[in-house]
Amino acid sequence: MLSDKILASLNRQHGAEIAAFYLYRAMQSYFLDHNLDGFAQWMNTQANEELEHAGKIYDYIHDRGGAVKLSAIDAPKQDWKSPLEVIQDAYDHEKKVSTMIHDLIDEAVSEKDRATEVMLQWFVAEQVEEEALFDRVYQRVKFAGDSPTALLLIDQEMGARPTSGGEGEV
């Protein structure tokens, strides 16, 4: 059984994962609006992964006898000045999620909830991968600078990422 404190935190994290889906769909829309279909496809894959993360938390809460409490999701940012700003915001978001996961683990340790602590280790590893991935993409787009040709080459590469069943290298 989950403590009230852990349950509330897991419900917040579940909401944060849904909000990340929403944010990444807004980013996908930005890329579609700017004819960067590869980035759009990549961001769609990221969005869908966030739903999978929310599903893991949702299932875990129920497996432990808790109740999922859905909360309102705020509208995400929808306007960016450049593809680099979109990627920077996404990278910053992933770093924020990592901090949230680490805080959740600290709570689980404090509450002596070993099962939640173990479950969250999957998210720790996932966030290491996500931060590394977004950092690589950010560095490439930053390196491309104002070159439309370089940006289009990166866009093509981003579109080659598998749409499911794996991270895909960038």
Side-chain angles (χ1 to χ4, degrees), residues 2 6-32 36-78 80 83 86-108 113-138 140-141 154-155 157-170:
L2 296 167
I6 293 293
L7 179 59
S9 295
L10 288 170
N11 271 306
R12 274 192 303 278
Q13 188 63 39
H14 176 264
E17 299 293 340
I18 299 293
F21 164 79
Y22 217 35
L23 174 63
Y24 290 160
R25 290 292 284 199
M27 291 175 172
Q28 177 190 10
S29 183
Y30 169 88
F31 288 126
L32 287 170
L36 293 168
D37 295 341
F39 279 103
Q41 177 183 314
W42 181 71
M43 202 54 74
N44 183 56
T45 300
Q46 284 300 129
N48 290 332
E49 284 184 5
E50 298 306 325
L51 283 182
E52 290 174 15
H53 298 169
K56 285 181 184 292
I57 294 169
Y58 180 95
D59 291 343
Y60 180 77
I61 290 170
H62 282 288
D63 288 348
R64 295 288 309 278
V68 172
K69 301 291 184 199
L70 302 178
S71 59
I73 304 296
D74 293 332
K77 178 178 177 178
Q78 298 178 54
W80 291 272
V86 176
I87 300 301
Q88 176 66 61
D89 283 358
Y91 181 37
D92 289 344
H93 179 76
E94 289 298 333
K95 290 187 281 188
K96 177 183 166 188
V97 170
S98 293
T99 299
M100 293 168 68
I101 296 296
H102 295 159
D103 291 347
L104 247 173
I105 289 175
D106 290 345
E107 270 188 46
D113 184 343
R114 302 300 180 232
T116 299
E117 183 183 349
V118 169
M119 183 276 294
L120 290 169
Q121 291 303 320
W122 181 90
F123 285 91
V124 171
E126 177 70 9
Q127 285 309 119
V128 168
E129 291 175 11
E130 292 297 308
E131 283 189 40
L133 176 63
F134 275 97
D135 183 41
R136 282 193 305 274
V137 174
Y138 175 77
R140 286 180 180 198
V141 174
I154 297 168
D155 180 61
E157 185 178 353
M158 299 306 288
R161 180 181 180 194
T163 56
S164 64
E167 284 302 308
E169 287 299 313
V170 173

Please walk me through it: do Glu17 and Lys56 pass salt bridge (Lys or Arg N to Asp or Glu O under 4.0 Å)? CA-CA 10 Å; Glu17 299 293 340; Lys56 285 181 184 292; over 6 Å; no
Is the side chain of [X] donor-acceptor paired with the backbone N or O of [Y] at a distance under 3.5 Å, no angle test?
{"X": "Gln41", "Y": "Gly159", "result": "yes"}
{"X": "Glu94", "Y": "Gln127", "result": "no"}
{"X": "Tyr22", "Y": "Asp74", "result": "no"}
{"X": "Asn11", "Y": "Ala67", "result": "yes"}

Could I get the full list of ring-ring contact (aromatic ring centres under 6.0 Å, His included) partners for [X], not counting sequence neighbours?
{"X": "Tyr91", "answer": "none"}
{"X": "Phe39", "answer": "Phe31"}
{"X": "His62", "answer": "Tyr58"}

[atom1]/[X] to [atom2]/[Y] distance, rounded to the nearest 0.5 angstrom?
{"X": "Glu117", "Y": "Asp106", "atom1": "CD", "atom2": "CG", "answer": "9.5 Å"}
{"X": "Phe134", "Y": "Gln46", "atom1": "CZ", "atom2": "CD", "answer": "4.0 Å"}
{"X": "Asp59", "Y": "Arg64", "atom1": "CG", "atom2": "CZ", "answer": "14.0 Å"}
{"X": "Asp103", "Y": "Ser98", "atom1": "CG", "atom2": "OG", "answer": "11.0 Å"}
{"X": "Leu120", "Y": "Ile6", "atom1": "CG", "atom2": "CD1", "answer": "8.0 Å"}
{"X": "Asp89", "Y": "Leu23", "atom1": "CG", "atom2": "CG", "answer": "7.5 Å"}

What closest approach, in Å, do [X] and [Y] show between heavy atoms, and which atom pair accounts for it?
{"X": "Ile18", "Y": "Ala54", "value": "CD1-CB, 3.6 Å"}
{"X": "Leu10", "Y": "Ile57", "value": "O-CG2, 3.5 Å"}
{"X": "Asp155", "Y": "Gly38", "value": "OD1-N, 2.9 Å"}
{"X": "Ala40", "Y": "Gln28", "value": "O-CG, 3.3 Å"}

Non-hydrogen side-chain atoms of [X] and [Y] separated by less than 4.5 Å:
{"X": "His14", "Y": "Leu70", "result": "yes"}
{"X": "Lys95", "Y": "Glu131", "result": "yes"}
{"X": "Met27", "Y": "Ile87", "result": "no"}
{"X": "Trp122", "Y": "His53", "result": "yes"}
{"X": "Asp37", "Y": "Met158", "result": "no"}
{"X": "Val124", "Y": "Gln121", "result": "yes"}
{"X": "Val137", "Y": "Trp42", "result": "yes"}
{"X": "Tyr30", "Y": "Pro83", "result": "yes"}

Kindly check if the number of other-residue, nucleotide or ligand heavy atoms within 6.0 Å of NZ (Lys77) is above 12?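 Atom NZ in Lys77 is packed in, count exceeds 12.
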Assess the side chains of Asp92 and Gln88: does a donor N or O sit below 3.5 Å from an acceptor N or O? yes
Distance alone, cut at 3.5 Å: any donor-acceptor contact between the side chains of Thr116 and Tyr60?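 There is such a pair (donor and acceptor under 3.5 Å, judged by atom type) between the side chains of Thr116 and Tyr60.
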Can Asn48 and Phe21 be said to form a side chain to side chain contact (heavy atoms under 4.5 Å, CB included), step by step? CA-CA 7 Å; Asn48 290 332; Phe21 164 79; 4.1 Å; yes
